Every structure is written in C-alpha cells, then in structure tokens.
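Sequential numbering from 1 along the given sequence is applied to the chain's residues. From a predicted model like this one, the values you see are computed outputs, not experimental measurements.
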Amino acid sequence: MKFIILLTFVSSYYTGFSQIRRDCDKYRTGKFEVDNHDGTISYITRTGKIQSERSKGYKGKDKIEWLDECSYRLIPLKVKDKRGAVGTEILTFRIVETHLHYYIVRISGARHLDTDVYVKVYERGYLYYDKK
C-alpha cells in the first residue's frame with residue numbers, strides 16, 4: 001500500500017513539472033509587472049520580437065531572441081538608465097515556474113552579479129495577488 005501511495009505522489013510530482021514547461025507560451029507576449037528590490041515597480045510590455053520596460057529612473061527597449069520554449073535573451077536597443085543599474089548587457093532569462101497569474105524567471109549574464117537572480121513577474125493587474 002505504501003508503494004502505491006509513493007508511486008502516485010511521484011507520478012503527480014513529475015506530471016506537475018511537465019505541465020510547467022508547457023505554460024511558458026502563455027508568457028511569451030503580454031503586459032507584466034515586477035516589484036523591484038528598490039521599491040519601484042517595472043512595467044513590461046512584450047510582443048513577439050520586442051520588449052519594452054519602464055520604471056522610475058529606467059526606460060528600455062530590447063530585442064527578444066527566443067532560445068527555446070522557456071528561455072530567451074534580451075538584446076538592448078535603447079536604454080535610459082539614470083540609476084546605472086542595468087546598462088547595456090545582454091541577459092538570458094529562463095522561465096523556471098509558471099502559475100495562474102505570474103511566473104518565476106532566472107536571469108543570468110549580468111557581469112556585476114556573482115549569481116543568477118530569480119524574479120517573480122506578474123501579469124499586469126495581478127501584482128501581489130498571491131499574497132492576499
């Protein structure tokens with residue numbers, strides 16, 4: 001009996017992760033929000049080939065290069081960064097989890113960071129909906 005319960009749990013676990021990967025398509029385009037660590041909010045608009053982002057002290061436009069179903073690279077086209085936090089680096093993004101109204105992305109390639117950064121990106125209008 002314990003074996004059957006364990007087998008059911010393990011198969012549910014892996015089925016859940018396989019569904020996460022298929023949900024990446026939902027976030028390829030749209031409008032999103034990010035609560036930044038400095039207390040500002042970034043507003044992102046992503047079309048098939050271009051992503052624009054704005055927040056206090058930052059405005060950017062990037063070309064999107066999709067690497068696979070859940071990974072993409074942002075190549076800066078225009079950057080106005082008064083804070084000097086982003087610059088013109090090419091960053092790689094990997095969607096690692098998807099949920100109903102947000103996803104978690106791993107960002108790599110920033111020279112000024114020692115490690116990858118994980119960010120929760122919400123669909124526009126759903127910022128913090130999971131914390132209520």
Side-chain angles (χ1 to χ4, degrees):
M1 185 65 170
K2 286 182 184 180
F3 177 74
I4 293 171
I5 293 171
L6 180 62
L7 184 61
T8 303
F9 175 74
V10 170
S11 64
S12 299
Y13 179 80
Y14 285 109
T15 302
F17 278 111
S18 66
Q19 289 173 351
I20 287 173
R21 186 156 178 79
R22 282 180 260 165
D23 289 343
C24 292
D25 284 343
K26 175 180 178 180
Y27 296 110
R28 281 183 163 243
T29 61
K31 295 183 177 190
F32 308 98
E33 298 173 313
V34 175
D35 182 7
N36 300 314
H37 68 279
D38 64 359
T40 62
I41 295 174
S42 289
Y43 299 95
I44 299 167
T45 300
R46 186 178 306 134
T47 64
K49 296 181 181 188
I50 299 293
Q51 175 171 304
S52 59
E53 180 176 346
R54 65 180 169 77
S55 66
K56 185 176 182 181
Y58 178 82
K59 190 174 185 179
K61 184 177 183 179
D62 301 289
K63 176 184 172 190
I64 299 172
E65 182 180 284
W66 285 93
L67 305 173
D68 61 34
E69 187 178 344
C70 294
S71 300
Y72 58 97
R73 186 176 296 134
L74 290 181
I75 302 164
L77 298 173
K78 292 181 185 178
V79 176
K80 291 182 183 178
D81 186 7
K82 293 179 182 177
R83 302 169 300 171
V86 178
T88 58
E89 294 180 273
I90 295 173
L91 300 176
T92 302
F93 296 74
R94 172 88 180 147
I95 297 172
V96 295
E97 280 184 44
T98 61
H99 298 272
L100 184 59
H101 294 293
Y102 70 92
Y103 63 93
I104 298 173
V105 65
R106 182 183 73 219
I107 306 169
S108 57
R111 284 178 251 143
H112 66 283
L113 298 174
D114 294 334
T115 185
D116 292 347
V117 175
Y118 290 83
V119 176
K120 191 181 277 190
V121 181
Y122 292 87
E123 289 179 289
R124 183 91 39 99
Y126 289 94
L127 193 61
Y128 311 124
Y129 98 101
D130 60 325
K131 296 181 181 182
K132 293 178 183 174

Any sub-3.5 Å donor-acceptor pair from [X]'s side-chain atoms to [Y]'s backbone N or O?
X: Glu33; Y: Gly125; answer: yes
X: Lys120; Y: Asp35; answer: no
X: Asn36; Y: Asp38; answer: no

Close side-chain approach of [X] and [Y], heavy atoms under 4.5 Å:
X: Ile95; Y: Ser71; result: no
X: Leu74; Y: Ile64; result: yes
X: Arg124; Y: Tyr43; result: yes

Would you compute the distance between atom [atom1] of [X] and atom [atom2] of [Y] and round it to the nearest 0.5 angstrom?
X: Arg94; Y: Asp116; atom1: CZ; atom2: CG; value: 12.0 Å
X: Tyr122; Y: Ile41; atom1: OH; atom2: CD1; value: 11.0 Å
X: Lys59; Y: Lys82; atom1: NZ; atom2: NZ; value: 10.5 Å
X: Ser42; Y: Lys56; atom1: OG; atom2: NZ; value: 13.0 Å
X: Thr92; Y: Arg106; atom1: OG1; atom2: CZ; value: 9.5 Å
X: Arg54; Y: Lys80; atom1: CZ; atom2: NZ; value: 14.0 Å

- Message: Side-chain heavy atoms nearer than 4.5 Å, only ILVMFWY residues, links allowed to pass through others: does that put Val119 and Ile90 together?
- Response: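 Not linked; separate clusters.
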- Decide side chain to side chain contact (heavy atoms under 4.5 Å, CB included) for Tyr58 and Val79; before the verdict, give the C-alpha distance in whole Å, the side-chain angles of both, and the deciding distance to 0.1 Å. CA-CA 8 Å; Tyr58 178 82; Val79 176; 3.9 Å; yes
I'd like a table of donor-acceptor pairs (distance under 3.5 Å, sequence neighbours excluded) in which one partner is a side-chain atom from residues 44-52, with atom names and distances.
from  : atom 1 : to     : atom 2 : distance (Å)
Arg46 : NE     : Gln51  : OE1    : 2.8
Arg46 : NH1    : Tyr27  : O      : 2.6
Arg46 : NH1    : Tyr103 : OH     : 3.3
Arg46 : NH2    : Gln51  : OE1    : 3.1
Arg46 : NH2    : Tyr72  : OH     : 3.2
Arg46 : NH2    : Tyr103 : OH     : 2.9
Thr47 : OG1    : Ile50  : N      : 3.2
Thr47 : OG1    : Ile50  : O      : 3.1

- Task: Grab the two heavy atoms, one from Leu91 and one from Gly109, that are nearest each other, plus how far apart they are.
- Result: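 Minimum heavy-atom contact is CD2-C, 3.7 Å.
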- Message: Just to verify, what does His101 make a ring pair (Phe, Tyr, Trp, His ring centres under 6.0 Å) with, not counting sequence neighbours?
- Response: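 Scan of His101 (ring pair (Phe, Tyr, Trp, His ring centres under 6.0 Å), adjacent residues dropped) gives Tyr126, Tyr129.
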